[in-house]
Amino acid sequence: MSINRRDFLKTTAGSAAVASTLSIFPEEVEAKTGELGYEGEVGKWVASTCQGCTSWCSIQGLVVDGKVIKVRGNPNSPSGGRICPRPHLALQQVYDPDRVKTPLKRTNPKKGRGIDPKFVPISWDEAINTIADKIMELINAGETHKFLLTRGRYTGLNEIMYGTFPKLIGSPNNISHSALCADAEEFGREQSEGYPAYADFDLQNTRYILGWSSDMVASNRQTPWFINQFGNVKDRAKITTIDPRLSATGAKSHRWLPIIPGTDGALAIAIAHVILAEGKWNKDFVGDFADKVNYFVVGQEVPTEIIVEDKKIPIVFNEIHTNGVVAWWNLELKDRTPEWAEPITGISAKEIREVAREFAEAGSRAISWTSPGSSMQIRGGISAFACHALNGLVGSVDSVGGILQQGSAPTAKTPDVKPYLDPRFAESLKKPKIDQRGTKGFPALEHMKSGQFVVTSRVAQAMLDQDPYDIKMAIGYWNNWVFSSMGTKHWEEAMAKLPFFAHITTNIAEMTMFADIVLPAKMHMLERYGFAKNKQNLTAYLSVHQPLIKPYGDAKTDETEVPFLIAQALAKKGFDLPLKYYQENFKDPETGKVPETAEEFDLFATKFFTKPCWDGSSNSKGDTINSWNELLDKGIWKSKRYKIGEKIGHFHTATHKFEFFSETLKAGMQNHADKHKMTLDEAIEAANYTVKGEAFFVPHYEPAVRYGDEKTYPFIFIDHRSRLNREGRSQNSPWYYSTKSVDPGDENEKDVTKINPLDGKKFGLKNGDKVRVSSMFGTIESEIKLWEGIRPGTVSKCYGQGHWAYGRVGSEIFGSKPRGGNNNDLYCYDWERLSGSNPRHGGHTRVKIEKI
Amino acid sequence: MAKKYGMIIDLHRCVGCGACDLACKSENNTPVGIDWASHKVETYGIFPKVTYTHTPTLCNHCEDAPCVRVCPTQAMHKTDEGFVVHDPSLCIGCKSCMLADPYGVIFFNKEHAFLDYATDDSSIIKGGTFSKKELSDKAKAPFPNFNAARGAGGYEAIRRKGAVEKCTFCNHRVAQGLAPACVVACPADARIFGDLNDEKSQIATTLKANKPTVLLPEKGTKPKVFYIRSYN
């Protein structure tokens, strides 16, 4: 009984039209199922986009009788239709019984952790009008800058709610979550390569991966593609994982370096030292000494000249695509031997040398892969710079088998808001943003300018200090900073004092508990229109979201429907510029129809922004798609394969070279220092870095910051992520808890604190002991797990659990008692100030553990 | 020649992500506490020389299945294509199969599965958030993402109180020419499923080219889930 797969394409219920426009699945998709089929179930597979992590994969859901039954990858995706466990969890997210189904109004004026808001259901009309009234109050008082928009996760349609809506109502305060994510990682890439973005990787040709807390089979970027390629990569390449705990990727790597948290920069610098001292740098990329002698001698600066037979011969390094390799040696690297790094990092000098040699041996096919773990630290902007700089030494930047940039799929430009800006808002729009970016202690540099990156978590303190001014009203969407940001107490205080807050959310999360109005949001993956642009496997793509189902409640799309409804209400109250902006600029690109309803606007705006991908104008640059419906069918537009090598010589740095001596960083710090009439050294100190002078501008060693004395707090606390975390949104799903042991060392149904058995013995702690973990700043309850995958003197607990709100699965008692513990309750309230980042890694907080 | 279905799990490719475990739950409507596809993890060694392994597990559809031998009602039976499957309507809940099974992959329903979705009408905010029962009523299904296709061939799409259940190698899918859900879901392409008796099949040729092992070979049940290569 041999069944032809093509037959199934024809007989799938209701798919006749789909079959004619869908790509025939590539061989590698069908290969996974062998002689059996991939297609042929009852129902329709409809494409959408998963945003459970930042891979932003194109997926499909099977729709049967108006319900989504299961998910799979989109066979048209650049990962050949592979997905990780996260999209499967989305089924329990979209059908979560604890989802908000109707707008809610707070009736208890008291706000605080554990306080019942006493929400009551209200109509959308009442909710929207309340919000519109508050906006009108600010307009009439000339205080529109006191409006704050907080954006968490987002789709391309954030151009509406985050990008333009605040301006249209006169506020400069659109604050994103970006600093909670991986801004310091991007920062490191910018100071060296001029590329403040996430990288792509030529996995099929690489010969070495040096992963700095990169856990690519579990999380961060292009996870399913990496999972798919992992077996092949391991056959061809050596994989070294540097991570304070034995991660999923570490467990499968050739080598695991259990680094002491916060010392990644020191290790990178020692590796750089070996590469230069042993003459192993890439001569074609970096260049060489004119006389081919290696003047990088341990302990010595490169001399400017030598005397040969009484003649002074200048020593010249002909540098090709890089800037400042000799300066780097002279200012920092000459004494940074593996022996120096050993006591700092906890990695033996012998092993450091081995790794440096292996890495350099693979040359331009050796990838130094920086991740949030090694960069989102208090002094992580510089360690990210150091880790990424290694790519410059071996010439793997934009090379075959190396680490790559990527373009992005074409989308339409956001229509200009300027003609729609009420002149009354001119003063307010010029006010500084509430996050204090660019102020003395927060350079937040990008493109060599101060004050460009968001300092998300600082907003809480700014609100409390009313510096630069007070905030009277806020709207937030797809975020939960009261839980997910460091400084949870500061956020609780700030949100309690905030006079009016509206939260657009699927669940009643911690942040929602401080809301005056709650608006139910459509669940992004399965209920709304939208799009996400990203890159995987040398392909830039645009993946579309579309509603597979109608929500059971009265939910609306946070980014489009809600601002449209507010605009309509404002127009009725006499302020119609936002509505005009929407109706005049977001007509249906296919019919020209003006959006009259929120749902039309959701659809038309998505069509508008994605038009270059579906109107045929980009067919020459990638996939052929000639209509909106074809984009919906295929789910994704993919670019042609990235052309390796074209960026070399054209990096967007100050010198257009790959910078070891970063003129880019220097220009940025100079800009910041000048603004505040400081010297460069004063600016460095204000940013909480210790190395002064020119040495600051090469990758250099900065000691880790640790809060708490070792005697009182004997353990360095290590945060890590989960392969099941849909950022913060899967913890009300039962499947999260029943599968949790897929994270190495963790246990199903538990939120364990992992400690080394030697420490267990020393401190009298056994498996299963209920404990209180405390820092200088807070305390959580947890359970002990003795585990060898963790260094003595450190403990590790996964981030994600510990919700006192969000839902009845995620909390022990909804609204008051958390299930597990929120790591952020323990953490210091501090920043990586060069990038404005939330430095959740690097062992910044020491803890003590007491049995309960 | 009659078909003999089996599976290979390539531990070199497997990264221990658990997508298979979750896809199985989606496909087979397993309730909380019952996981037909699961895994066992092991950490051994002493820091820093530590090894961590993850081994996906499921029913082995043994050629000489003890669960079949001991079942008093033949609810647990083997088909002539090598599937060891179960008919809940014949099950008396004696749990002999669970006692005989060395692999611990048979599960017992203490309650009707998803009973909470039929009865629990509590909500965080009355009128403001949902209840399980409300979602089930709106979905007109035992629970919203209920997979009706699991009920093909007369199998209970959700199982009754007192019945056992276990992995069926997705026999309902194979009957339609579809690969099992875990095979489709694996992003690492670590699972190969097919007819061991077909020399030309991917599973047969891969078995020949590797040194397969099985779990608990000493129990002598002749499992048909084979593991090749190594996790680390």
note = Under 4.5 Å to a heavy atom of chain A? For Ile125(B) that would be side chain
message = For Ile69(A), is there any backbone N or O sitting under 3.5 Å from a side-chain donor or acceptor partner on Asn147(B)?
response = no
inquiry  = So for Cys20(B), is it side chain, backbone, both, or neither that comes closer than 4.5 Å to the heavy atoms of chain A?
reply    = neither
request  = Would you mind checking which part of Lys133(B) comes under 4.5 Å of any heavy atom in chain A, side chain (CB onward), backbone (N, CA, C, O), both or neither?
outcome  = neither
query = In terms of heavy-atom pairs under 4.5 Å, which option from Pro103(A), Ser741(A), Pro734(A) contacts chain B the most?
reply = Ser741(A)
query = chain A heavy atoms under 4.5 Å from Asp21(B): which part of the residue, side chain, backbone, both or neither?
reply = side chain
task = Against chain A, label Ser201(B) side chain, backbone, both or neither, depending on which of its atoms sit under 4.5 Å from a heavy atom there.
result = both
ask   = Any Lys/Arg nitrogen of Asp65(A) or Lys140(B) sitting under 4.0 Å from an Asp/Glu carboxylate oxygen of the other?
value = no
request  = Among Pro224(A), Ser738(A), Pro744(A), single out the residue with the greatest number of heavy-atom pairs under 4.5 Å to chain B.
outcome  = Pro744(A)
remark   = Applying a strict 4.5 Å limit to non-hydrogen atoms, the region of Ala23(B) in contact with chain A is both
remark   = Turns out that what part of Ile34(B) lies under 4.5 Å from chain A's heavy atoms comes down to neither
message = With a 4.5 angstrom heavy-atom cut-off, is it the side chain or the backbone of Phe230(A) that approaches chain B, or both, or neither?
response = side chain
note = Turns out that what part of Ser136(B) lies under 4.5 Å from chain A's heavy atoms comes down to neither
Carboxylate-amine/guanidinium contact Glu788(A) Lys49(B), below 4.0 Å = no
query = Quick check: does any side chain N or O of Lys67(A) sit under 3.5 Å from a backbone N or O of Ala139(B), one acting as donor and the other as acceptor?
reply = yes
ask   = Distance only, no hydrogens: is a donor on one side chain within 3.5 Å (strictly under) of an acceptor on the other, for His88(A) and Ser26(B)?
value = no
ask   = In this structure, are over 12 heavy atoms from other groups packed under 6.0 Å from Lys105(A) atom NZ?
value = no
request  = May I have the step-by-step check of side chain to side chain contact (heavy atoms under 4.5 Å, CB included) for Val68(A) and Asn145(B), ending in yes or no?
outcome  = CA-CA 6 Å; Val68(A) 187; Asn145(B) 47 311; over 6 Å; no
query = When only pairs under 4.5 Å are counted, which of Lys70(A), Gln229(A), Gln92(A) shares the most heavy-atom pairs with chain B?
reply = Lys70(A)
Contact origin within His12(B) toward chain A - heavy atom pairs under 4.5 Å = both
query = Tell me, side chain or backbone of Tyr117(B) under 4.5 Å from chain A's heavy atoms, or both, or neither?
reply = side chain
message = Please report the interatomic distance CG(Asp96(A)) to OG1(Thr129(B)), rounded to the nearest 0.5 Å.
response = 9.0 Å
request  = Could you tell me which portion of Asn756(A) (side chain, backbone, both or neither) has an atom closer than 4.5 angstrom to a non-hydrogen atom of chain B?
outcome  = side chain
query = Any idea which of Pro97(A), Ala251(A), Gly789(A) has the most non-hydrogen atom pairs under 4.5 angstrom with chain B?
reply = Pro97(A)
ask   = With only heavy atoms counted, which part of Val15(B) is less than 4.5 Å from chain A, the side chain, the backbone, both or neither?
value = both
key: Which of Cys17(B), Gly16(B), Ser131(B), Ala19(B) touches chain A most, by non-hydrogen pairs under 4.5 Å   = Cys17(B)
